[in-house]
Amino acid sequence: ANKVHAIPLRSSWVMTCTYAPSGNFVACGGLDNLCSIYSLKTKEGNVKVTRELAGHNGYLSCCRFLSDKQILTSSGDTTCALWDIETGQQTTALVGHEGDVNCIAL
């Protein structure tokens, strides 16, 4: 298969990557503490960042799309967060973990 998209990343320390169920978006994150979301609804070639979700104080360990409008992230800061992708705002913080949150399963 031939490469369809190339995604230039801000950080070479990526720890998680996920596709939206629709196939319209891909998200990744890692030691930059950000969840970067890219739209794949472009022509072939380099893909640019659509939204950067900043709010974690530790590395981003995992991210999972709920839809094209919502994503859930987990972090080494002992929290998980639910985000509104369109506004870039955190809608829910899931706190109370005693250590790094390494994975999300939906």
Side-chain angles (χ1 to χ4, degrees):
N2 294 326
K3 174 175 65 174
V4 176
H5 295 286
I7 301 175
L9 302 174
R10 285 174 33 121
S11 171
S12 59
W13 297 98
V14 174
M15 299 180 69
T16 184
C17 187
T18 187
Y19 277 99
S22 67
N24 292 329
F25 297 94
V26 66
C28 65
L31 297 186
D32 59 1
N33 301 1
L34 298 172
C35 181
S36 300
I37 299 174
Y38 301 86
S39 174
L40 299 178
K41 298 184 287 186
T42 61
K43 296 181 181 178
E44 291 185 17
N46 284 350
V47 175
K48 295 181 181 175
V49 69
T50 301
R51 175 81 62 203
E52 287 185 334
L53 306 176
H56 285 293
N57 295 318
Y59 65 90
L60 197 77
S61 57
C62 190
C63 57
R64 295 292 179 261
F65 282 95
L66 301 180
S67 68
D68 282 356
K69 297 182 180 193
Q70 290 185 308
I71 193 166
L72 187 62
T73 58
S74 64
S75 174
D77 66 6
T78 73
T79 69
C80 295
L82 180 63
W83 301 84
D84 180 308
I85 295 170
E86 291 180 348
T87 66
Q89 298 298 307
Q90 189 180 110
T91 58
T92 305
L94 304 165
V95 299
H97 304 282
E98 294 182 7
D100 297 9
V101 183
N102 293 314
C103 187
I104 300 168
L106 300 175

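Computed from a prediction, not measured in an experiment: that's the story for all the values here. Here, residue 1 is the first one in the sequence, and each next residue gets the next number.
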(message) Tell me every residue that passes side chain to side chain contact (heavy atoms under 4.5 Å, CB included) with Ala93, counting only those two or more places apart in sequence or in another chain.
(response) Gln90, Val95

(request) Can you run down the salt bridge (charged side-chain N to carboxylate O under 4.0 Å, His left out) pairs that involve residues 11-37, sequence neighbours left out, and say none if there aren't any? (result) none

(request) Mind checking side-chain hydrogen bond (donor to acceptor under 3.5 Å, both in side chains) for Ser67 and listing every partner two or more places apart, or none if nothing turns up? (result) none

List the atom pairs, with distances to 0.1 Å, where a side-chain N or O of residues 97-105 and a protein N or O form a donor-acceptor pair under 3.5 Å, not counting sequence neighbours.
residue : atom : partner : partner atom : Å
Asp100  : OD2  : Tyr59   : OH           : 2.6
Asn102  : OD1  : Tyr59   : OH           : 3.3

(message) For Thr91, give me all partners under side chain to side chain contact (heavy atoms under 4.5 Å, CB included), at least two apart in sequence or on another chain.
(response) Leu82, Asp84

(message) To check you understand the geometry: which heavy-atom pair defines the closest contact between Arg51 and Gly88, and what is its length?
(response) CD-CA, 3.7 Å

(request) Each residue besides Leu53 in its hydrophobic cluster should be listed here, by chain and number; the cluster joins Ile, Leu, Val, Met, Phe, Trp and Tyr at side-chain heavy-atom distances under 4.5 Å. (result) Phe25, Ile37, Phe65, Ile71, Trp83, Ile85

(request) Give the minimum heavy-atom separation between His56 and Ser75, together with the two atoms involved. (result) ND1-CB, 3.2 Å

(request) Kindly write out the residues that satisfy side chain to side chain contact (heavy atoms under 4.5 Å, CB included) with Thr16, not counting sequence neighbours, or none if the list is empty. (result) Leu60, Cys62, Cys63, Arg64

(message) Could you check whether any side-chain N or O of Ser74 sits under 3.5 Å from a backbone N or O of Ser61, counting only pairs where one atom can act as donor and the other as acceptor?
(response) no

(request) With sequence neighbours left out, write down each residue that passes side-chain hydrogen bond (donor to acceptor under 3.5 Å, both in side chains) with Thr78, or none if nothing qualifies. (result) none

(request) List in chain and number order the residues that pass side chain to side chain contact (heavy atoms under 4.5 Å, CB included) with Val26, two or more places apart in sequence or in another chain; answer none if no residue qualifies. (result) Ile7, Cys17, Tyr19, Tyr38, Leu40

(request) Of all the heavy-atom pairs spanning Val14 and Cys28, show the shortest one and how long it is. (result) CG1-CB, 4.1 Å

